[in-house]
Every structure is written in C-alpha cells, then in structure tokens.
Number of protein chains: 2
Amino acid sequence: MTESSKKSPVNATVSDVAGKVVTLSGWAIGVDLGGENMRGAWVSPKGQLFDPIKWETRVGEGKEKVLNRMVQLVEELLKNPPPNCDPAKDLLGVGFGIPGILHIKKGLVIQSPHFPDWKRFAVYEKLRKKIKFPVFIDNDANAAALGEKVFGVCKPYDHFVYVTLGTGIGGALFLNGDVYHGSMGMAGEIGRITVDPQGAPESTGNRGSVELFASSSGLQKMISDLRERFPNIRANNVEELYELWKRGNKFENWEAIEKVFDDMGNALGIMLANVVNTLDPQAICFAGGIVHTWKAFSRKMIQITMERSYVARHNKLRILCTSLMKNSNFIEAGVVGSASLVFIDAARKQSSVEIKSVKAPAPAIAGAPLKAVAGATAA
Amino acid sequence: MTESSKKSPVNATVSDVAGKVVTLSGWAIGVDLGGENMRGAWVSPKGQLFDPIKWETRVGEGKEKVLNRMVQLVEELLKNPPPNCDPAKDLLGVGFGIPGILHIKKGLVIQSPHFPDWKRFAVYEKLRKKIKFPVFIDNDANAAALGEKVFGVCKPYDHFVYVTLGTGIGGALFLNGDVYHGSMGMAGEIGRITVDPQGAPESTGNRGSVELFASSSGLQKMISDLRERFPNIRANNVEELYELWKRGNKFENWEAIEKVFDDMGNALGIMLANVVNTLDPQAICFAGGIVHTWKAFSRKMIQITMERSYVARHNKLRILCTSLMKNSNFIEAGVVGSASLVFIDAARKQSSVEIKSVKAPAPAIAGAPLKAVAGATAA
C-alpha cells in the first residue's frame, strides 16, 4: 500500500473477490465503448463511480479516431482524479469493455457489429502504447459479467451465466472462477440458440432463435404483428407494451399482450434449459435494456426452465437480476464491469489464488433499482 | 525414472499431452464400470492394453460388493503385470470411469442410473483405502473424453465437446485444457437439449429433447413407428435399419428409411449448433454404440450445424469421430479413458504446466476402425 493510499478514505477498502478477503487499495478507470457513446469513470474498490464522462463514439470517423477518443477520454479522467488519489501511485490500471468478438491473447478485435472497419484491429497494443498505466480489454458482455462477480449479485458464485437482454441477446460464461472465452473469443453466443426449429429465417442463417422472441428487436416485430390484429393496443415498443401489461386483465385484449410476454418467457426458458443442461452453472444473471419487464416474462421463463432442465432442478439453479443496473443516466454495468477487469487482476496478483467463492452476496452499489431472485423451488 | 522403467521397452515412451513433449514412463491401470460389466486392463503410455479382464458387475448384489469386485479386479491385474513392469515402481495409479453424477472434489457418486443404491456413495475414499496406489475417479464420459485427448483424435485441441451416442446421449466438456465438471458434476447433459419444443413428453419433464431422435432408445421407437407404416421394412434395431439404408434407393421405401436418419441428423445438428454457439469449441468428437451409422446421419447433421451456427462457420469447427472405438470385443474407449485419468495427472506433475495444444493428431491405437473428419468447408 502506498503512502498516498493509506491517507485516502476510499482506497483502503476490503474487496472479497478472491477466496479469502483481499484488501484492495487504489482505483481503476473503466471505459465502456458503445456504438453511440463511450463512457468512462474512476471506480473505487467499492464500486463507487467518480467523475463520469460520456462522449459520442462517432463510429463514422473511423477506427483510429475512435481509438484516439478513447485515449483522450482516459486523459481527461486523469486530469481530474478523485480526492487524495495520486494517479501515478493509486491507479491500478484502465479497463476497456468493447463490443464484438475479441481475441484476448492476441489483443485483437476480430470483428464488431457496431464498428464495421474493426477487423483484426490490434486494440490492445495501440492502447497500451498510448496509456502509461496497465491496460485490460475484454468483450463488453464479459466485462459486465466480471462486474457482477466483483461488485454484484454473482459475488458468491464460481459458475454462472450472464445474459443481456437488449437489441439482441448476449451472454458471458463465468466458469471455474474465470470468464470462459472459448476457442475464438465467441463463447456465450446464446442469443443464437434455436428455440423454434420451424421459426422465421434470420440473417445469420439460423431460424427460430431466441432473439426473435426475447430481444427488443424481436419484440418490436411481435408488437407490430400484435397491433395489426388489435389496433386498440397502442404500444410502440416494449416499454409501452409493459405499461399496458401492468394494467392487468381489466384492459381489453390483455390476454394478447400477456401472450407476447409468455412467448418471451417460453423462449428464454428453452434457451436457459439448454444452457443449464450443458453447463450446470450455479446461477443465471440477467441484465440489459429490457430486463425491467422481468415481472411480465420471468414467471413463465422460470417454469419452463425448471420443467425442461433436470440439471436446473437438481442443482437448485438461482435465476437472478443484476444489482448493477443503471439507476441514473450514467451509473451502469458497463463502466463498473470494465473497471472490474482491473480489480480482478489486482485481486489475483495480491492473493495469488484463483478467484473463489465468498460467503455473502453484498451489492456494493446502493439503491439498485431492480433485484429479483427466483430459486428452483419458487417456480 | 526408476531403474526398472529404464530397462522396460514399453515404459520409456513419449507422450506429448502437455504442451511440450513429456516423456511418460510407467503404466496405468484403467477400470471402466458399466451396468452389465466392469472391464480393466494395464495401459501403457502409448495406449496399448495388457491383460484385459471383463467381469460381470452384478448390480443386484449391492454397492459394497460391487465396489469390492472393482478392487478385486485391480488385485487380479496386479498379480499379472506386463513384462519388465514392477508394479511397486512402475504403476502410476489406477483410474476408474464410473457412470452417473460424481462430485469430484468430495469423491462422491451422487447418483447413477445403473446403480440405484449409489446415493452420495463415498467411492473415492473407499477405493483409496483398499488400493495401495494413487486412485483417480471421474464420470465415464469425462474419462472417455480425456482418453480422446491423451490418445485419440482430440490430441490437438484445448476446447472440445465429446458426444456419446448410445442408449442415451451423453456429453463431456473439455475446456481450457481440462474437463469441465460444472457446479455439481452435471455439465455436459447435452442429451437433454430441446430440439423440438412441441415434441413428445419424456420422463425427465422435458419434451422433444435430442435423445428422442438420435439415441438408440429413441431410434428404436422411430423404427417401431416406421414398421407400422411400412411392414416390408423388416428392421428390428438401428443396426438392421442401417443395413437397409446402405442398400440405397433401389430398396423399396428407402426414402422412409433415409428420413429416419435425416431426422436424426437434423436433431443432432440443432443440438450441436446450440452447444457450439454457447461454447465456441474447436472440435466435436463423436463416440458410442451407434456412431457406426455415421454415413447415414452425418451429412444432414453437419449441414444443419453449419446453417444454424454462425460460431461453427466462423471458428471452422471440426466434427470428428473417435479413433478409440472398440476394434475387438474388448479394446474400447472406457478402459483407455479411465487410464488417461492417471496419465494426464502424471503429465501435469511432470511438466508443471497446463495441458496445451500439440501439433499433430496421431491416434495411438493402430487399426482404428472408424474415423471420419468433416471440416466446416465440407458441409
């Protein structure tokens, strides 16, 4: 511990991410790169954010300029460190969560849906040369899963699957105490799992994958179909459909609305059963833009998962929601997750042991707006 | 290396299972426990078998007696060691492949389909006390997968899924250079994956899982249905149906027979696509009793896997058959796999590195009767 960090009240905290309790001192910077915006902040070992910044990504300007903006964002944060924090002594490193397929060992972005010109782009090497602190990169879903392990509801688990319900459905696998990347960095593409073999054909070549039923883009299509059949259902998107659902069955055509969420839950249930039968995880953790409709789809999802998965019934699978959801327009899983890349490395170095289970799950960010827990017996 | 092993021509062999080439000396004993029989043999570091024994299991006599017979089988083998092999110096250990759900860390058989009285049975501790050599246990499918890594077609791979097509469909996951057991020892239950959500209900609570279409018990049901519709198709089991299939389309009602194998391939394709999208493995390896019908179902299976899995197309997935299939009534994957539990431990201790990729796949057992390789481009 440095002299500076001893003085700092936020540095000398305890982070029990690594089997035994590890006292982490120092800060991390987390940067979450998205197609529209990039966000960054100082993150304390308690998961507190300091000096958050949100900049436009400007994909159209090309990969080198986007990368330079990422570096400039870090430089901007470095100009304004937290109180009693001397970056030269107290900054453990900078973590970047990047969308797309990454080859971690080679430090490459192989390809990225939002960044068409990022093909085998040597992101790590370029960032490392321009930033005078240790640099860590990973896929954004993997970083978010790590955030859940270090600061969120997944603290107690060595084996969990992290599922993001957004425009698409993404996933990350945390197995044996570490993110599992697969052979090419593509592990966790669970949104492509087939849940209706005769379903509609998709651009990926598959048909009837779970994304058609449970991503916001898939639900948008289902809502359009619904409105054609029931013009009085005036919902334009998932949020508005959820508002109508909450009115309950006194609303005309409520059953038709309920069926959309039941179909969503059924599709997610088949997907989860397949994943759980394959991996035997301790927990599933949901996050992402449309997780707030949890009440509408989760009952059916849990029922189907338990019916279809002998493993889920046997291992008393926990089905959870993130405790790191955005509770303002800024504080969100992405930045905390990216910073977790730094903290988990620091914890490993300090304890020289693998990340192991800890006893009590204690969400580090107060006021988490959404937290639902369903055990096997609750189904 | 002991003085004795230096003299032995079979001991001083090279086994390149662990990143760099590791010279393994010594022998292992492998014991494969099945519901009907238990088999055991001395196994050399080249995968050669010596003094194979096959005994009845006699499940009905109860777990303690079955366990004692396993120990007696090992004692029988110890009485007749290979030439120039002094068990006290040259036996690295005894590996047991056991069907069912095992808790490896606790050394328990949690439950086992063939052994109804094995509930939380402390197999490891009992075997360890009775056998004066290092003892290793694992689920039989996991042991067979390890055999394929140490001696078979999976030598070059750090990430593969092993699939057994038998009475049911079993699986084992080899991830990051090691067997992945899951949180409760149940990882790899891929036979329970849903491929037809509206399919027939099953005793497990699921409906339409892949076992209905591609296990020998599932195919038996499909053959019964087929014979009701086409009485001239006089096949009683998968083997006989395959013989009719081989006659080609000059056989009357051949299309109906082809459809059974197409349905099998389609179901396996959906299952594989789901597994590959989840895990991004380098290879899939098939083994088990009905793999010899490969020519009849594999074309459809590979086509569907590639259509439905973006990951499989991207990572150039290899779809392989075991090179360790039985080529006599004795030599089979089970015993070699159980012995591999011993060899992989020895290789790890000797090299002190994780098991990593090796360059050339060289099946150690000559005369493997079945070997088919399909690359992504062959689909």
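Quick note on labels: first sequence line is chain A, next is B, and so on, each numbered from 1. Keep in mind that what you see is a predicted model, and the values were worked out from it rather than measured.
- Note on A:G191, A:G171, A:S183, A:P281: by heavy-atom pairs under 4.5 Å with chain B, the leading option is A:S183.
- With a threshold of 4.5 angstrom between heavy atoms, A:V276 does not approach chain B through any atom at all.
- Between A:Y162 and A:A144, the shortest heavy-atom distance links the atoms OH-CB, 3.3 Å.
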**OP:** Using the ring pair (Phe, Tyr, Trp, His ring centres under 6.0 Å) rule, take B:H159 and A:Y180 through it: C-alpha gap first, then chi angles, then the decisive distance, then the call.
**Re:** CA-CA 11 Å; B:H159 311 268; A:Y180 179 68; 5.7 Å; yes
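- The choice from A:I304, A:N315, A:I110, A:L279 that makes the most heavy-atom pairs within less than 4.5 Å of chain B is A:L279.
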Original post:
Can A:D178 and A:K149 be said to form a salt bridge (charged side-chain N to carboxylate O under 4.0 Å, His left out), step by step?
Top reply: CA-CA 10 Å; A:D178 205 351; A:K149 169 67 184 173; over 6 Å; no
Donor-acceptor list for residues 268-275 of chain A side chains, cut-off 3.5 Å, not counting sequence neighbours:
residue: A:N274; atom: OD1; partner: B:T194; partner atom: N; Å: 3.0

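- With a 4.5 Å cut-off on non-hydrogen atoms, B:V161 does not touch chain A at all.
- With a 4.5 Å cut-off on non-hydrogen atoms, A:H181 touches chain B through its backbone but not through its side chain.
- One finds the CD1 atom of B:I344 at 4.5 Å from the CG atom of B:L146 (value rounded to the nearest 0.5 Å).
- A donor and an acceptor atom, one from each side chain of A:E148 and A:T322, are located under 3.5 Å apart.
- Between B:R192 and A:V311, every side-chain heavy-atom pair lies at or beyond the 4.5 Å cut-off.
- Within residues 199-208 of chain A, the residues having any heavy atom closer than 4.5 Å to a heavy atom of chain B are A:T204, A:G205, A:N206, A:R207, listed by residue number.
- Contact count versus chain B (heavy atoms, under 4.5 Å) is highest, among A:D196, A:T278, A:I190, A:D280, for A:D280.
- Contacts of A:L173 with chain B are made by side-chain atoms alone, with heavy-atom separations under 4.5 Å and no backbone atom involved.
- Checked against the 6.0 Å centroid criterion, the rings of A:F261 and A:F297 do not qualify as a close aromatic pair.
- Using a 4.5 Å cut-off between heavy atoms, A:I101 touches chain B through its side chain atoms alone.
- Taking the six-membered ring where tryptophan is involved, the planes of A:F160 and A:F174 are essentially parallel, since the angle between them stays under 30° and well short of 60°.
- With a threshold of 4.5 angstrom between heavy atoms, A:P197 approaches chain B through its backbone and through its side chain.
- Taking the side chain as every heavy atom from C-beta outward, A:F121 and A:Q111 never approach each other to under 4.5 Å.
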